[in-house]
Amino acid sequence: MNFATILKNGFVKENPVFIQFLGMCPVLAVTGTATNGLGMGLATTAVLLGSNTVISLLKSLIPNKIRIPCFIVVIATFVTMTGMIMNAYFPVLFDALGIFIPLIVVNCLILGRAETFASKNSTPFSIVDGLAMGAGFTVALVVLGAVRELFGSGSVFGLNLLGDAYPSAAIMIQPPGAFLALGILTAIFNVVILKKMKS
Amino acid sequence: MREMIKLGLILLLITAVAGLVLGIVNSMTADIIEERLIAESLEAMESFFPDLDDASIIDEAEFLDYDRVEEGFEVFSNGDVIGYTFKTNTNGYGGTIEMLTGINVEGEVVGIAILSQAETPGLGDVIESDDFKERFVGIDVDGEIDVDTISGATVSSNAVIQGVESAIEVYLEVFGN
Amino acid sequence: MLDISASSLFVILVSAILVNNFVLSRFLGICPFLGVSKQVETAFGMGMAVTFVMSLASIITFIVQKYILDLFGIQYMQTIMFILVIASLVQLVEMIIQKTSPTLYQSLGVFLPLITTNCAVLGLTILNIQERYNIIETIFHAIGAAVGFSLAIVLFAAIRERMEVANVPNAFKGFPLALITAGLMSLAFLGFSGLV
């Protein structure tokens with residue numbers, strides 16, 4: 001195991017969204033705009049980084065039998081902390097993400113990394129893993145957010161790209177658009193991966 | 001059994017540490033959050049409390065049972081309390097109407113301000129007009145609210161009336177007598 | 001101050017089932033929705049297990065919020081407390097069902113551990129507090145949410161059973177197709193907006 005493989009896993013081979021389909025609720029719910037996607041991605045990364053670090057440090061102290069509740073408490077602590085900091089310094093984002101901030105606790109990605117990686121590997125590796133998985137998650141959210149925002153309101157990151165003449169397909173920023181956009185993006189990701197595997 | 005207790009104690013210890021850490025972070029961020037909440041409403045509060053020079057948040061625990069009231073502020077001028085402002089959320093025609101109601105220490109509504117609304121343009125959004133907002137000025141908290149709704153915008157007007165009603169209810173609950 | 005009217009309870013119920021369906025418009029509980037929906041029977045089992053945990057969790061977290069968090073002014077412990085309540089509740093329910101009804105355990109048992117990380121449950125308990133529901137409204141909201149979740153997952157499973165035999169492009173096989181289907185269902189549920 002080295003740092004490069006961990007990074008590559010997070011971005012492509014084990015991409016949390018397009019390959020592992022983890023943490024689907026926030027992926028679908030907050031990607032109405034690229035900005036919200038980025039915010040949720042970074043918040044999740046912060047929690048992942050914190051929980052991976054602490055859990056890898058505590059791994060020998062936590063009894064195996066109650067490891068899941070312990071992991072959850074650690075994760076919930078970082079989630080609450082992230083929420084407080086966002087409420088204080090990024091209020092607009094905090095309001096936009098709403099209930100999905102506390103729900104980062106149940107993002108299977110974070111508990112999954114705690115269970116399969118941080119509780120078995122050294123702290124430096126766990127930190128890199130947290131960063132890599134967080135980055136893979138963030139990139140996926142930003143891409144999905146950008147696509148939905150582009151078709152749904154003609155802009156990306158609030159920047160009007162398609163001009164006023166573009167008849168916004170509001171459906172893309174509404175709930176159905178989330179499913180449709182992610183479905184099509186996953187299919188495209190599949191095509192690319194399938195092609196790579198053949199060559 | 002002894003093992004169960006041991007495991008329980010370990011989990012309790014971790015949770016206690018978590019609580020301690022969160023308590024610290026909370027005390028660091030709480031003031032900033034409070035200041036931001038006040039700042040968001042300050043300009044609107046100044047429109048009906050012209051003498052306002054300071055405001056503080058009323059502890060939410062005082063009015064937890066009132067669903068529609070989101071926040072309460074105490075309004076100061078030269079160090080004296082001159083009135084209170086309550087932020088309410090009510091359901092209009094197009095979505096939530098977020099508004100402020102100011103009540104002075106004599107128990108009189110001094111004004112309202114609409115912070116956000118999504119009512120039909122040209123119809124429901126007349127609740128933002130000065131003419132409509134002034135209808136609430138001078139209402140006594142112990143009396144009836146007798147405000148005419150705007151024809152064509154009954155739902156929107158009623159939502160605003162409901163907001164004022166809720167503000168008065170909380171005012172009476174917290175500061176009545 | 002408990003002001004409850006039958007009509008407001010009805011609105012909460014209908015809104016949670018149809019208008020703001022937990023899965024299709026609030027995006028809560030997507031993981032089990034996509035993961036445990038290949039067969040109608042398992043989907044139904046999951047729905048029942050979630051219903052059970054949601055109702056109990058709503059009542060317990062309501063009490064925790066009122067008599068622990070609000071009382072001591074430690075609202076910031078909400079996320080930790082609620083998720084611990086849900087996790088221990090799931091564990092407890094699992095043990096009780098295993099002891100008392102082996103048949104029920106066989107049909108529900110496998111889903112129970114998955115419910116802890118089902119964001120629909122934690123989401124519901126937080127929404128109950130955010131919307132400042134009283135205890136009666138909380139119970140109705142929980143029932144609505146659970147029925148809405150079960151409805152969505154069972155309908156979805158029924159559609160997916162049919163899709164298994166459909167001929168689709170390779171790139172769309174499996175997950176992408178499931179997402180598109182969910183999108184169309186969500187579109188149908190969008191028709192309920194404005195109902196209440």
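Just so it is clear: chains get the letters A, B, ... in the order the sequence lines come, proteins before strands, and each one is counted from 1. Note that the coordinates shown come from a computational prediction; the quantities given were computed from them, not determined experimentally.
F78(A) does not touch chain B: none of its heavy atoms, backbone or side chain, sits under 4.5 Å away. The parts of V25(B) that come within reach of chain A are both its backbone and its side chain, each placing non-hydrogen atoms under 4.5 angstrom from that chain.
Heavy atoms of other residues, nucleotides or ligands lying less than 6.0 angstrom from CG of D146(B) number 12 at most. No more than 12 heavy atoms of other residues, nucleotides or ligands lie within 6.0 Å of CZ in F90(A), so this atom counts as exposed by the packing criterion. Within a 6.0 Å sphere centred on CZ of F151(A), heavy atoms belonging to other residues, nucleotides or ligands number 12 at most. Atom OH of Y166(A) is surrounded by more than 12 heavy atoms from other residues, nucleotides or ligands within 6.0 Å.
The candidate with the highest count of non-hydrogen atom pairs below 4.5 Å against chain B, out of L61(A), I62(A), I66(A), V74(A), is I66(A).
Between V160(B) and the choices T90(B), I112(B), T88(B), T101(B), the side-chain contact (heavy atoms from CB on, under 4.5 Å) rule is met once, by I112(B). When I55(A), N107(A), D129(A) are each tested for a side-chain contact (heavy atoms from CB on, under 4.5 Å) with R113(A), only one passes: D129(A).
Between the side chains of T154(B) and T149(B), not a single donor N or O lies within less than 3.5 Å of an accepting N or O. Between the side chains of E98(B) and Q117(B), not a single donor N or O lies within less than 3.5 Å of an accepting N or O.
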task = Carefully, step by step, assess E165(B) and R68(B) under the rule salt bridge (Lys or Arg N to Asp or Glu O under 4.0 Å).
result = CA-CA 10 Å; E165(B) 269 173 2; R68(B) 296 192 189 108; 5.6 Å; no
request  = Output, in order, the C-alpha distance, side-chain angles, deciding distance and verdict of salt bridge (Lys or Arg N to Asp or Glu O under 4.0 Å) for E3(B) and K65(A).
outcome  = CA-CA 10 Å; E3(B) 202 204 347; K65(A) 262 192 183 161; 3.4 Å; yes
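To the nearest 0.5 angstrom, Y84(B) atom OH is 14.5 Å from F73(B) atom CZ.
Heavy-atom neighbours of chain A within the stretch residues 30-48 of chain B, taken at a separation under 4.5 angstrom, comprise I32(B), I33(B), R36(B). Chain B is approached within less than 4.5 Å, heavy atom to heavy atom, by no residue from residues 23-52 of chain A.
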